[in-house]
Amino acid sequence: MTGTDARRGIAAQGTDRAAAGGPAVWSRDFALFFAARAVARLGDTMLPVALAAGLLEHGYGAGAVGLAMASTAAAFAGLVVFGGVVADRFSTRRLMIGADLVRLGTQSLAAGLFLTGHVVLWQICAIGFANGVAGAVFQPGVASTVPRLAADIQGANGAIRVAESAAQLAGPAVAGVLVGLASPGGVFAAHAATYALSALCLLLLRLPPLPAGPRAAAGSAPRAFRADLVDGWREFRSRSWLWGVIAVWCLYMIAVWGPTVPLVATEVVRHHGPGAYGLVNSALGVGTVLGGLLALRLRPRRMLRAGALSLFAFFGFPATVGAGLGLPAMAAGAALAGAGMSFWGVMWATTVQTQVPADVLNRIHAYDVAGSLAMMPVGQALAGPAAGALGTGHVLLAAAVVSLLVAAILLAVPPIRGLVRADATAPTAAAPAVR
């Protein structure tokens with residue numbers, strides 16, 4: 001089977017299910033996967049609050065909090081590509097369950113450390129590193145699971161995005177309540193419970209088989225692993241729309257997202273207080289929910305073009321803060337930015353899941369995640385020195401301008417702008433395709 005045949009096989013699975021009267025999105029199995037993603041995301045958004053409160057309570061400073069968080073991020077970013085190879089060679093469902101169980105154990109251990117008061121930074125960092133490794137094994141399988149569960153892949157991605165955005169809004173608030181009522185250790189225990197629930201949902205899940213395609217490379221384990229890694233890179237490199245977006249996204253992370261997140265927090269808190277930053281952050285979350293809901297309805301024929309157009313809305317987030325506008329304007333800018341980013345996210349995820357052959361999808365998704373995240377720490381690290389040299393407001397205004405440039409570059413590249421959705425020949429009756 002060729003790569004094109006395998007790619008068509010993914011779309012054909014959904015089309016066949018729809019033709020047979022199967023649900024476009026909601027089914028027992030998709031509901032289980034949806035619940036697993038929502039509850040895990042809720043727990044993940046609780047973690048920063050618990051980590052900061054717990055370490056500060058035990059005499060550590062902000063640097064320790066950053067180091068603990070960085071240990072997870074470094075392990076994830078460094079190993080997710082290898083996780084993609086593993087996910088293409090073994091059962092993704094079993095790997096995801098295993099990763100959840102590992103994190104159930106590590107977070108239970110962290111809860112015990114905080115509840116007993118025996119908190120040592122290197123131990124917390126080691127736990128964070130183990131969580132990052134587990135995340136690197138778990139994440140690649142997400143991409144190939146969605147097309148196997150829903151006929152309407154875009155609708156499924158939109159529904160998951162809405163749930164994750166709602167969890168992003170609720171998680172910090174829930175963690176704050178638990179810290180106040182119990183302790184940071186109680187939040188870690190609740191976080192561990194979310195992984196237990198996620199693992200249970202995945203355990204009950206029934207995944208249909210992948211379309212028949214080329215098998216993983218044979219031979220000794222190290223040699224086969226390297227061959228799969230090279231094959232995944234070859235598939236990634238052969239799609240100009242794919243590596244083109246990732247290349248542009250590196251610029252976005254360095255010059256836009258990386259500096260915007262920490263500098264917006266600093267600027268809003270400094271001039272308007274923590275409550276105002278909470279409001280702006282909530283507006284961003286509400287926007288992401290609205291963007292996901294919009295993605296459930298609109299069915300553009302050229303999804304990457306539509307997604308790139310939505311990215312122009314991000315301009316308002318750094319621009320309103322950088323220009324020193326009032327709180328209502330900043331909240332409105334954040335909401336628009338969240339909607340644009342969320343809509344782009346659904347368009348991008350659906351494109352990758354429907355355009356890439358099933359037998360390499362996990363590896364391609366891993367390269368996508370690694371490439372998308374690689375430059376974010378660089379942008380965050382450069383934000384402080386740039387703000388010191390140029391002023392925070394000027395850096396944020398520059399980030400706003402670059403965000404427009406990034407969207408324009410995406411639209412200027414023909415393979416990105418002109419890519420037609422894989423199911424364009426059979427638009428759904430529920431929502432006509434728009435051009």
Side-chain angles (χ1 to χ4, degrees), residues 161 240-268 280-281 283-288 290-292 294-295 298 300 302-326 328-349 351 368 371-376 378-380 382-383 386-387 389-419 434-435:
R161 179 58 61 104
S240 54
W241 61 268
L242 181 61
W243 63 257
V245 169
I246 298 301
V248 175
W249 213 247
C250 289
L251 170 63
Y252 189 85
M253 285 296 174
I254 292 174
V256 182
W257 186 255
T260 293
V261 173
L263 293 184
V264 163
T266 302
E267 197 73 352
V268 174
V280 171
N281 215 32
L284 182 68
V286 170
T288 61
L290 294 177
L294 187 64
L298 296 183
R302 292 176 173 83
M303 289 190 289
L304 294 185
R305 183 173 70 178
L309 288 171
S310 74
L311 285 178
F312 281 106
F314 190 84
F315 171 85
F317 187 32
T320 54
V321 179
L325 302 184
M330 290 189 292
L336 286 173
M341 286 289 291
S342 183
F343 187 81
W344 160 262
V346 174
M347 296 298 106
W348 173 246
T351 298
D368 166 24
S372 299
L373 295 180
M375 294 297 108
M376 183 170 67
V378 177
Q380 292 173 330
L382 294 176
L390 304 173
T392 301
H394 289 111
V395 175
L396 286 172
L397 290 175
V401 172
V402 176
S403 72
L404 298 179
L405 178 63
V406 163
I409 292 174
L410 291 173
L411 290 173
V413 178
I416 298 173
R417 179 185 69 242
L419 185 68
V434 295
R435 298 177 183 268

Which atom names give the shortest non-hydrogen contact between [X] and [Y], and what distance separates them?
X      : Y      : value
Ala331 : Ala283 : O-CB, 3.3 Å
Leu263 : Ala387 : CD2-CB, 4.0 Å
Met253 : Pro259 : O-CD, 4.0 Å
Ser310 : Gly340 : OG-O, 3.1 Å
Arg161 : Met341 : NH1-O, 3.9 Å
Pro318 : Thr260 : CB-OG1, 3.9 Å

Sequence neighbours excluded, every pair satisfying salt bridge (Lys or Arg N to Asp or Glu O under 4.0 Å) that has a member inside residues 244-253 | none
Separation between [atom1] of [X] and [atom2] of [Y], rounded to the nearest 0.5 Å:
X      : Y      : atom1 : atom2 : value
Leu397 : Leu390 : CG    : CG    : 11.0 Å
Leu284 : Phe314 : CG    : CZ    : 7.5 Å
Leu311 : Met347 : CG    : CE    : 11.5 Å

Strictly distance-based, threshold 3.5 Å: is any side-chain N or O of [X] a donor or acceptor partner for the main-chain N or O of [Y]?
X      : Y      : answer
Thr288 : Gly285 : yes
Ser342 : Gly338 : no
Arg417 : Leu411 : yes

So [Y] and [X], do their side chains get closer than 4.5 Å, heavy atoms only?
X      : Y      : answer
Leu410 : Leu304 : no
Phe317 : Leu336 : no
Leu405 : Val401 : no

Can you list every side chain to side chain donor-acceptor pair (under 3.5 Å) pair that touches residues 392-412, not counting sequence neighbours?
-> none
Do Val256 and Phe315 pass the side-chain contact (heavy atoms from CB on, under 4.5 Å) test, and can you show the C-alpha distance, the side-chain angles, and the key distance before you say yes or no?
-> CA-CA 9 Å; Val256 182; Phe315 171 85; over 6 Å; no
Please list, chain by chain and in numerical order, all residues satisfying ring pair (Phe, Tyr, Trp, His ring centres under 6.0 Å) with Trp249, sequence neighbours excluded.
-> Tyr252, Trp344
